[in-house]
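My questions will all concern the structure given below.
On a predicted model such as this, the values are computed, not experimentally measured, just so you know.
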Amino acid sequence: MFIWRSLTFVLFVIIPALGAGEDFTIPSFWRRPNVTLSVDDRISAASKAVETFLGRLGSDHSGGQEFYAQLADFDGIAKQTTYKEDVTRFFNLNVVDFGYQFAYGYDAIRAYNTYQTSDFLDLAVASWAFGRNYTLSDEQVSSGRTPVKSFDLTARCGSASMAGGTFWVRSINIQFTSY
């Protein structure tokens with residue numbers, strides 16, 4: 001019992017007290033950064049880091065979709081298409097499950113913005129259509145039914161309409177939504 005009281009005292013009294021004396025002001029020299037590397041040198045350094053990471057991935061390019069969306073963003077910022085093949089390969093090889101479908105569409109549109117390739121736009125549109133199937137319309141809320149679930153809908157959640165709510169669980173009998 002003594003140990004828990006001591007631990008509680010340390011965690012909730014001593015540690016916060018130590019932090020209270022900290023100076024959290026921003027140093028004045030941070031207000032005028034002096035970056036001496038050229039844009040090309042910064043892009044080169046970032047590219048070396050990306051290449052190192054890509055070299056550690058397997059042939060299935062399983063680095064995660066957010067990583068590949070960031071690669072597309074990096075290409076866009078750098079005004080290059082260096083990683084277009086890697087990004088395209090990732091999107092073509094990876095099947096997305098329900099839980100990541102919305103992020104997948106968002107990441108596909110990020111790639112489209114950089115590469116202007118209809119394949120990425122098609123992926124984003126397909127993801128939007130998929131998500132739209134699980135999003136409640138005014139008509140569905142009014143009728144109390146949706147084709148993707150097998151229960152009666154509630155029109156309101158507290159004071160908010162359920163219209164626009166999106167099911168985040170695919171199972172036909174589970175009722176969870178986000179709005």
Leu121 reachable from Leu123 in the ILVMFWY side-chain graph, under 4.5 Å edges: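 The answer is yes; both residues are in one hydrophobic cluster.
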Counting distance only, does the side-chain N/O of Gln116 pair as donor-acceptor with the main-chain N or O of Tyr112 below 3.5 Å?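 Checking the backbone N and O of Tyr112 against the side chain of Gln116, a donor-acceptor pair under 3.5 Å is found.
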Exercise: identify the closest heavy-atom pair between Ala124 and Ala108: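 Closest heavy-atom pair between Ala124 and Ala108: N-CB, 3.8 Å.
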So, the side chain of Ser38 versus the backbone of Asp41: is there a donor-acceptor pair under 3.5 Å, distance only?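 Yes: the side chain of Ser38 pairs with the backbone of Asp41.
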Taking Tyr106 as the starting point, is it possible to reach Phe120 by hopping between hydrophobic residues whose side chains are less than 4.5 Å apart?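 Yes, Phe120 connects to Tyr106 through the hydrophobic network.
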NZ/NE/NH1/NH2 to OD/OE distance under 4.0 Å, Lys84 and Asp75: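 No, Lys84 and Asp75 are not salt-bridged.
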Closer than 3.5 angstrom, by distance alone: can the side chain of Ser44 be matched with the main-chain N or O of Asp40 as a donor-acceptor pair?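 Not at all, since once roles are kept as given, no pair shorter than 3.5 Å links the two residues.
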Asp107 side chain reached by Phe91 side chain, heavy atoms, under 4.5 Å: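 Side-chain contact under 4.5 Å: yes.
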Using only atom types and a distance under 3.5 Å, with no angle test, would you say the side chain of Arg110 pairs donor to acceptor with the backbone of Asn113?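 No: the side chain of Arg110 does not pair with the backbone of Asn113.
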Least distance between heavy atoms, Asp138 atom then Ala163 atom: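 Residues Asp138 and Ala163, closest heavy atoms: OD1-CB, 3.0 Å.
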N/O donor-acceptor pair under 3.5 Å between Thr114 side chain and Ala72 backbone: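 Judged by distance alone, yes, a pair lies under 3.5 Å.
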How many angstroms lie between atom CG of Asp86 and atom CD of Glu51, to the nearest 0.5 angstrom?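 Taking CG in Asp86 and CD in Glu51, the distance rounds to 7.5 Å.
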Hey, do the aromatic rings of Tyr68 and Tyr83 have their centres closer than 6.0 Å?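 No, they do not, as the ring centres are separated by 6.0 Å or more.
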Verify the cluster assignment for Ile77 and Val87: are they in a single hydrophobic cluster under the rule of side-chain heavy atoms below 4.5 Å apart?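 No, no single cluster joins them.
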Among residues at least two apart in sequence or on other chains, which ones pass side-chain contact (heavy atoms from CB on, under 4.5 Å) with Ser142?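 With sequence neighbours excluded, Ser142 shows a side-chain contact (heavy atoms from CB on, under 4.5 Å) to no residue whatsoever.
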Between CD of Glu85 and CG of Asn92, what distance do you get to the nearest 0.5 Å?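 Glu85 atom CD to Asn92 atom CG measures 11.0 Å (nearest 0.5 Å).
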Taking the six-membered ring for Trp, are Phe67 and Phe90 ring centroids under 6.0 Å apart?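 Between Phe67 and Phe90, the centre distance exceeds or equals 6.0 Å.
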Would Tyr115 and Ile43 show up in the same hydrophobic cluster when neighbours are defined by side-chain heavy atoms closer than 4.5 Å?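 As far as the 4.5 Å side-chain criterion goes, Ile43 and Tyr115 are connected within one cluster.
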